[in-house]
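Structure, as structure tokens:
Computed from a prediction, not measured in an experiment: that's the story for all the values here. Lettering of chains follows the sequences in order, A, B, ..., and the numbering in each one begins at 1.
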Amino acid sequence: MRAACWHGKEKIGIERVPDPELLAPGDAIIQVTATTICGSDLHIYDGFIPSMMRGDIIGHEFMGEVVDIGPDVRNLRRGDRVVVTSTISCGACDHCERGRFSLCDNGNPNAAFAERVLGYSIGGIFGYSHLMGGYAGAFAEYVRVPYADVGCIVVPSDMPDEKMLFLSDAVPTGFMGADLAHIQPGDVVAVWGCGAVGQFAISFATLLGASKVIAIDRFPERLRLAQEKSSAIPLDYTNVDLVAELKELTGGRGPDACIDAVGMEAHGVGPGHFYDKAKTGLGLELDRIGVIRQMIHACRKGGTVVIMGVYVGMVDKFPLGIAMNKALTFKMGQMHGQLYGRRALEHVLHGDLDPSFVATHQMTLDGIEPAFEMFKHKSDECMRVVLRP
Amino acid sequence: MAVMALERAAAHAVVPHVGPELRSTERWISGLTGGALITAALVRPGGWSLLKLALGGYGLYRATTGRCPVTRSLAIGRGMGTRKEPIQTFATITVGGDPDMLFDRWRDVARWPEWMRFVSAAARENGNVRFEITTPEDLGHTPIVIEGSFVEHPAERLLRFVSADGAPIYFASTIRFVAAPDLRSTEIHVDAEYAIPGGKIGAGMSSLFGGAPDQQIRSDLRRFKAWVETAAVPTTLGQPSGARKGPITRIARVRERLEQGAPLALSEPAQEGEELIELIEVIEIPIEVAS
């Protein structure tokens, strides 16, 4: 089969590799019909993710058709159309039983390695480094899916791919972000980042009852989309004193909940951003936490800060004293897609949400390198590229 | 169980209180080099003076004490502990299920190869346990057979293994199964002590466990947990990947060496053409890597 393999920083090549095979009784083989570059793939593309190896097949957000199943697979049949959750979880450990699928104890074959390096391990992730299990990813014609009963969500055959695909990652991530915010009637929710995850966090914040949602970004088309699709209040952080503006929009209180849908490669303005950029550029730090600082400063006393953007390392200039004295609640984590993906599917089938609006471009897998460049630089108003193997 | 003790065996290179780690020649070279570096730093101060002073001081430390933590960490194929003064270690994990069930699963010796990474065969013989470990390819896939007493204490949910006299290595381990506070899972505690001889067998053992047996023991505990909770050990071995050749990152290169059972280094300098994007320390443990 053909697959997109990581060749180093900003280098991806299409290679011909062997087809995947069933390696465990609970495996399924999926023929990929659609996949997409996620924002967190950019961290790999830009060389921020440790323990990548040359030749790793990357990609984790995908859907397709079941073409083979192992003897222990109970919920799937060949020919089923499925969306596959990007995180790999066993469904049997204590964390999975509690619905905290991304924390799975058994989904990562290299969990002991991760514990040695990081001090902890979480479940596996398709195509996302050997610390996360070293699983072959989704930018390929076929993918082996471990624990297929747990990770595959069967979707109707009459729905277009674009409407289902993002249930793999972006939709459940946004959904979980809004859910962790414990939104109450009358709440104001601010969402940093209006990429796909941010758009869905905004959508679900509205669905879950927020009275006002503020969308923060610097790209006009993304802010416009948040306004059109979710009636969010757009805020271009490059044109305003963001924290002051958020206070202004909330009568001086600050948003009740702040959601980070940006992550470690955050852009920003002012000296703080250049400080972060210099440190990451010199390899002294992996994460730029400008968004988190803003959230802590802006959030209402006693409010909730939710981090759904990906961070990987240690940081400094973290305003802990402010967070403590304001009695903020922090909620965060990799998304529990096996839980939120299925719940989100119900919303989509019910007509509450049509995720296809984020699919701005369509390309074949062979065009993955230009697709990465376009996605990274957000050229041609690119929000998400749907790739067809 | 038995292999757990083996896996721990290479965790620490040499028991620190059994005498100097360095030979006389090494100590002389360290002393002379260290003195030269310190002299150079003091006579011609410059941008590298601090580094020279630090390295020189370390050289003098090696010379005067005969000890070297770096050498100790890198030591491969050298004796590790003695039977009189074995190395001791421990590890623990929580597994879903009641202690009696997990006790029974663990004592099912014939199935050890399903979850113990390096055990290729295991069986009970005349009240003892006999199991086989296979060394990596570059050491000729040499089978190492270990035999020892295996005592079960069902009432205390406790298992003990002690290697027989004349076994290639000495080890003794105790596995305890304790009900967790949630009353639906079990804490498994492994306590072990071991001593690996020098020579070919010791080298094989060290290579086998990637120089970090403490890590391997934890890895096997995780494999046991997955084996019990999901009926299979997670794996990526046999999955496709692109070509591994070409510029690679430092850690990837080290990992490939680990796969091959090659000796390990605490730090691995970059080679020409490699992309230095890895920011984490080189970790000396084997992991699963697709072909």
(message) If the test is side-chain contact (heavy atoms from CB on, under 4.5 Å), which one of L23(A), V143(A), V17(A) qualifies with Q239(B)?
(response) L23(A)
Proximal component of [X], with respect to chain B [non-hydrogen, under 4.5 Å]:
X       : value
D105(A) : both
A136(A) : both
P20(A)  : both

(message) Take a 6.0 Å sphere around CG of L50(B) and say whether it holds more than 12 heavy atoms from other residues, nucleotides or ligands.
(response) no
(message) Is it the case that the side chain of E15(A) and the backbone of A243(B) share a donor-acceptor pair, with hydrogens and angles ignored and the cut-off at 3.5 Å?
(response) yes
(request) Sequence neighbours left out, what passes side-chain contact (heavy atoms from CB on, under 4.5 Å) with E10(A)? Give chain and number order. (result) Y45(A), D46(A), K376(A)
(request) Only counting residues at least two apart or in another chain, list the ones meeting side-chain contact (heavy atoms from CB on, under 4.5 Å) with T33(A). (result) M63(A), D161(A)
List the atom of [X], the atom of [Y], and the distance in Å for their closest heavy-atom pair.
X       : Y       : answer
S121(A) : R222(B) : OG-NH2, 3.0 Å
M1(A)   : P240(B) : CE-CG, 3.9 Å
R144(A) : T236(B) : NH1-CA, 4.1 Å

Heavy-atom side-chain proximity of [X] to [Y] below 4.5 angstrom:
X       : Y       : result
S241(B) : M53(A)  : no
R244(B) : D56(A)  : yes
P234(B) : Y147(A) : yes

(request) Could you please state which residues from residues 88-98 of chain A sit under 4.5 angstrom from chain B, measuring non-hydrogen atom to non-hydrogen atom, sorted by number, or 'none'? (result) C90(A), A92(A), C93(A), D94(A), E97(A), R98(A)
(message) According to ring pair (Phe, Tyr, Trp, His ring centres under 6.0 Å), who are the partners of F101(A), at least two apart in sequence or on a separate chain?
(response) none
